[in-house]
Colleague: 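I have a structure here, written as structure tokens, and I will follow up with some questions on it.
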Amino acid sequence: MRIIAIANQKGGCGKTTTAINLSACLAKLKQKVLLIDIDPQGHSSLGFNVSPSDFQTSIYDLLCPEDGKNIPTRKTILPISEHLDLIPSEVILSAVEQKLAGKEGREYRLQTALSDLHNAYDYVIIDCPPNIGLLTFNAFLAASEAIIPIDISYFALHGLGKLLETAHIINKKCNHSLIINALVTNYDKRLKLSEEILGEVKRHFQDNFFKTCIRTNVKLKEAIGFGKPITEYYTYCSGYRDYTALCDEVMEGKYLNQKAQLEDQKPYAPRQVKGGVLFSYYSSDALSVYLTGNFNNWAADAEPLFNISGNGLWQKVVPLPPGKHQYKFVVDGDWHLDPANPNSSSGKLGNNSVFENK
Ligand SMILES: Nc1ncnc2c1ncn2[C@@H]1O[C@H](COP(=O)(O)OP(=O)(O)OP(=O)(O)O)[C@@H](O)[C@H]1O
Ligand SMILES: [Mg+2]
């Protein structure tokens, strides 16, 4: 059972559209799919024409059972089509944070509920709300993979560091392993911004992004309005083609192997790669790693590195002009030389690592 959370605290970036259409495409290929709506807005439920009058129990009852008595997970499942089921959501879910305040194991409720399914599904897709609270924590702890939709917009990458940091904290503190992959949505190749954001996503996520970009397509919007996935609404459009391609990529599970590949990697001194210079730092217990240097005026928080696979390898590609650059890593607030780089020289702030970009 592959459990995939679709998350990003940025609103309107395509989480629900991806959850609905990826689920429908997988089901069309006869994969047994359970879609879980864990957003109090209930958009994934509405996207299948399911409204609160259609069900008695929802994800709320799994996370917050009345009198503390767990109910069987299957009691909350609604069949949607032959291969697709749904656990719906309703607005009362927004009270979960208060209801479970201080309760032990509150972050593990969804994980426990899913273990009750005994691998009955090939895929479980979780549509998260647009914030990083208890609901997203539950999704991340239940899942082994996360898809982060990133829409082409000016604030697309804002807050991404926080989301990745949260995933890392979960991996570290809860001994969990969540593989994260970015998905570019609302892509329009006529816009210059599209290439800019795509370049940024590649820089941030290295290999951990889907080759498929979801293009802007009005049919996707219309389909949700009609309470249908694109597979049932209209199949002669880019929206259908893109979600089918994404589904193929997910099923190939290519990116599942990337973690294993990355685990073999050791941190190395900065090296030139496509798009800039790749910096890497190894720490399995750091909560944040930043790169500071003469190229960003030694600002301590200008260039966050990302530990995308949760394996302790923090990396980032930074575009740098040719020349000699001095730098240090800021690890949980402490400044460190690059242990993988033997070259250093003294500067204003003491000894610094040095890299020459040719
Ligand atoms: N590729 C696309 N082309 C055109 N419209 C899209 C596309 N993806 C999403 N939309 C539209 O953008 C709006 C927001 O999408 P969606 O609801 O999937 O985002 P979300 O991240 O789930 O939002 P929220 O954060 O509120 O949960 C919707 O009206 C949806 O129909
Ligand atoms: Mg949504």
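All ligand and atom numbering here is 1-based and tracks the order in the structure. All values reported here derive from a predicted model rather than from experimental measurement. When reading the values below, keep in mind they use all heavy atoms of this one structure, side chains included, and skip hydrogens, waters and symmetry mates.
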Colleague: Between Q41 and S89, is any pair of side-chain heavy atoms under 4.5 Å apart?
Modeller: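 They are not in side-chain contact.
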Colleague: Taking the side chain as everything from C-beta on, heavy atoms only, tell me whether Q272 gets closer than 4.5 Å to N357.
Modeller: yes
Colleague: If you measure every N/O of T216 against every N/O of ligand 1, is any gap under 3.5 Å?
Modeller: no
Colleague: Can you tell me if T17 has an N, O or S atom under 2.8 Å away from the Mg ion (ligand 2)?
Modeller: no
Colleague: Can an N or O of I214 be found at a distance shorter than 3.5 Å from an N or O of ligand 1?
Modeller: no
Colleague: Got the closest protein heavy atom to atom 17 (O) of ligand 1, with its distance?
Modeller: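 Residue, atom and distance for the closest contact: T16 CB, 3.9 Å.
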Colleague: Using a plain distance cutoff, I'd like to know if P130 has any nitrogen or oxygen under 3.5 Å from a nitrogen or oxygen of ligand 1.
Modeller: no
Colleague: May I ask you to identify, for D39, whether its side chain, its backbone, both or neither come under 4.0 Å of ligand 1 on a heavy-atom basis?
Modeller: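 The side chain, only.
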Colleague: So, is the end of the K211 side chain (NZ or CZ) under 6.0 Å from the ring centre of F209 and within 45° of the ring's axis?
Modeller: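 Cation-pi check for K211 and F209: passes.
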Colleague: Closer than 4.0 angstrom, basic N to acidic O: yes or no for K10 and D151?
Modeller: yes
Colleague: Against heavy atoms of G11, which atoms of ligand 1 measure under 4.0 Å?
Modeller: 25 (O)
Colleague: Is there a donor-acceptor pair closer than 3.5 Å between any side-chain N or O of E356 and the backbone N or O of K324?
Modeller: no
Colleague: G12 to ligand 1: N or O pair under 3.5 Å?
Modeller: yes
Colleague: Nearest to atom 4 (C) of ligand 1 by heavy atom, I20, N217, N131: which?
Modeller: N217
Colleague: Of all heavy-atom pairs between P149 and I6, which one has the smallest distance, and what is that distance?
Modeller: CG-CG2, 3.7 Å
Colleague: Looking at D85 and K32, does any basic side-chain N land under 4.0 Å from a carboxylate oxygen?
Modeller: yes
Colleague: Which option, N186, D188, N8, owns the non-hydrogen atom nearest atom 6 (C) of ligand 1?
Modeller: N186
Colleague: Heavy atom to atom 9 (C) of ligand 1, shortest distance: which of T17, I224, D242 holds it?
Modeller: T17
Colleague: Nearest to atom 25 (O) of ligand 1, what protein heavy atom do you find, and at what distance?
Modeller: K15 NZ, 2.8 Å
Colleague: State yes or no: do F210 and I20 share one hydrophobic cluster built from I, L, V, M, F, W and Y residues joined by side-chain heavy-atom distances below 4.5 Å, directly or via other members?
Modeller: yes
Colleague: Are F279 and Y327 close enough that their ring centers fall under 6.0 Å?
Modeller: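 Yes, they do, as the ring centres are separated by less than 6.0 Å.
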Colleague: Examine D127 against ligand 1 and note whether any of their N/O atoms are separated by less than 3.5 Å.
Modeller: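 It does not: no N or O of D127 is found under 3.5 Å from an N or O of ligand 1.
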Colleague: At under 4.0 Å between heavy atoms, which part of Q41 makes contact with ligand 1: side chain, backbone, both or neither?
Modeller: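 It is the side chain that gets close, since no backbone atom is under 4.0 Å.
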Colleague: Does K316 pair with E303 as a salt bridge, N-O distance under 4.0 Å?
Modeller: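 A salt bridge links K316 with E303.
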Colleague: I need the atoms of ligand 1 closer than 4.0 Å to a non-hydrogen atom of R215, numbered in the order shown.
Modeller: 1 (N), 2 (C), 3 (N)
Colleague: Where is the nearest protein heavy atom to atom 19 (O) of ligand 1: which residue, which atom, and how far?
Modeller: G14 N, 3.1 Å
Colleague: Given Q326, which partner from the list S346, S353, S345 fulfils the side chain to side chain donor-acceptor pair (under 3.5 Å) test?
Modeller: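 Among S346, S353, S345, the one meeting side chain to side chain donor-acceptor pair (under 3.5 Å) with Q326 is S345.
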Colleague: Is the closest N or O pair between H43 and ligand 1 shorter than 3.5 Å?
Modeller: no
Colleague: What residue and heavy atom of the protein are closest to atom 2 (C) of ligand 1, and at what distance?
Modeller: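 Of the protein heavy atoms, L220 CD1, 3.7 Å lies nearest.
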Colleague: Taking only heavy atoms of C13, which atoms of ligand 1 are found under 4.0 Å from at least one of them?
Modeller: 19 (O), 20 (P), 21 (O)
Colleague: Show your working on ring-ring contact (aromatic ring centres under 6.0 Å, His included) between F329 and H336 and close with a plain yes or no.
Modeller: CA-CA 5 Å; F329 292 113; H336 292 270; 8.9 Å; no
Colleague: Tell me, which protein residue and heavy-atom name are nearest atom 12 (O) of ligand 1, and how many Å apart are they?
Modeller: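 For atom 12 (O) of ligand 1, the nearest protein heavy atom comes out as K221 NZ, 4.1 Å.
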